[in-house]
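Worksheet: one structure, shown below.
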Amino acid sequence: MRSAIFLPLAAMFLGATIDAGPATAASLGRYEVFGVEDGDMLKMRGGPGTGYNVIVGLPNGTALRVHSCEQTGGTRWCRVSLVRARGLKGYVSWAYLRKI
């Protein structure tokens, strides 16, 4: 349970302290996490599917850069990085993203 709290806090800390620098890869644009239930977070995973490890939990409003998307089973997964911490990369479900 302790890691469930630590990961979102780590994401907020990284977002507040890392200078983004210039973009290094093409992207589909900026999106934000949207539609996650109150008290929950969108899980950023190490690969495109629920079988991959959770890297971090992302609350609604988290700004992401979407690099690519692919269909795996019934879910469209997108490879993303945090806008404010581009070194933090992983995969999230497209269903919880909206264009900003």
Side-chain angles (χ1 to χ4, degrees):
M1 196 65 166
R2 188 177 280 172
S3 64
I5 295 169
F6 175 74
L7 291 175
L9 292 175
M12 288 188 299
F13 176 76
L14 286 170
T17 61
I18 295 177
D19 184 7
T24 58
S27 76
L28 300 176
R30 289 174 50 143
Y31 288 76
E32 70 176 345
V33 176
F34 173 76
V36 178
E37 292 184 27
D38 289 339
D40 201 0
M41 300 211 181
L42 177 62
K43 294 167 184 70
M44 179 189 284
R45 297 181 177 274
T50 58
Y52 290 90
N53 289 335
V54 175
I55 297 170
V56 69
L58 305 170
N60 284 327
T62 302
L64 302 171
R65 186 166 304 283
V66 175
H67 299 283
S68 64
C69 297
E70 61 188 79
Q71 192 74 24
T72 301
T75 304
R76 185 175 180 194
W77 291 92
C78 296
R79 187 173 61 83
V80 300
S81 60
L82 269 69
V83 168
R84 296 187 66 187
R86 291 191 185 164
L88 191 54
K89 299 177 182 177
Y91 288 79
V92 299
S93 171
W94 171 259
Y96 295 97
L97 299 179
R98 74 174 170 190
K99 186 83 169 151
I100 54 175

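Fair warning: this is a prediction, and the values are worked out from it, not measured in the lab. In this chain, numbering begins with 1 at the start of the sequence shown.
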Tell me the closest heavy-atom pair linking [X] and [Y], and the distance in Å.
X      : Y     : value
Gly29  : Lys99 : CA-NZ, 3.5 Å
Cys78  : Val66 : CB-CG1, 3.9 Å
Ile100 : Ala63 : CD1-CB, 4.2 Å

Quiz item: Is Thr62 reaching over with its side chain to a backbone N or O of Pro59, donor-acceptor style, under 3.5 angstrom?
Solution: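 Indeed, once roles are kept as given, a pair shorter than 3.5 Å links the two residues.
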Exercise. For Arg76, enumerate each residue passing the side-chain contact (heavy atoms from CB on, under 4.5 Å) test, keeping only those at least two apart in sequence or located in another chain.
Key: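 By the side-chain contact (heavy atoms from CB on, under 4.5 Å) rule, Arg76 matches Cys69, Gln71, Trp94.
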Common cluster, [X]/[Y], ILVMFWY with side-chain heavy-atom separation under 4.5 Å:
X     : Y     : answer
Tyr31 : Leu88 : yes
Leu42 : Tyr52 : no
Leu82 : Tyr96 : yes

Spacing of [atom1] belonging to [X] relative to [atom2] belonging to [Y], to within rounding of 0.5 Å:
X     : Y     : atom1 : atom2 : result
Ser81 : Arg86 : OG    : CZ    : 6.5 Å
Ile55 : Lys89 : CD1   : NZ    : 11.0 Å
Asn60 : Phe34 : CG    : CZ    : 7.5 Å
Leu64 : Leu28 : CG    : CG    : 12.5 Å

Quiz item: Should Leu58 and Met41 count as side-chain neighbours, where that means a heavy-atom distance under 4.5 Å?
Solution: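 No. Closest side-chain heavy atoms not under 4.5 Å.
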Practice problem: Using the side chain to side chain contact (heavy atoms under 4.5 Å, CB included) rule, pick out the option among Val92, Val54, Val56, Asn53 that qualifies with Arg45. | Solution: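 Going through the options one by one, the only one that passes is Val54.
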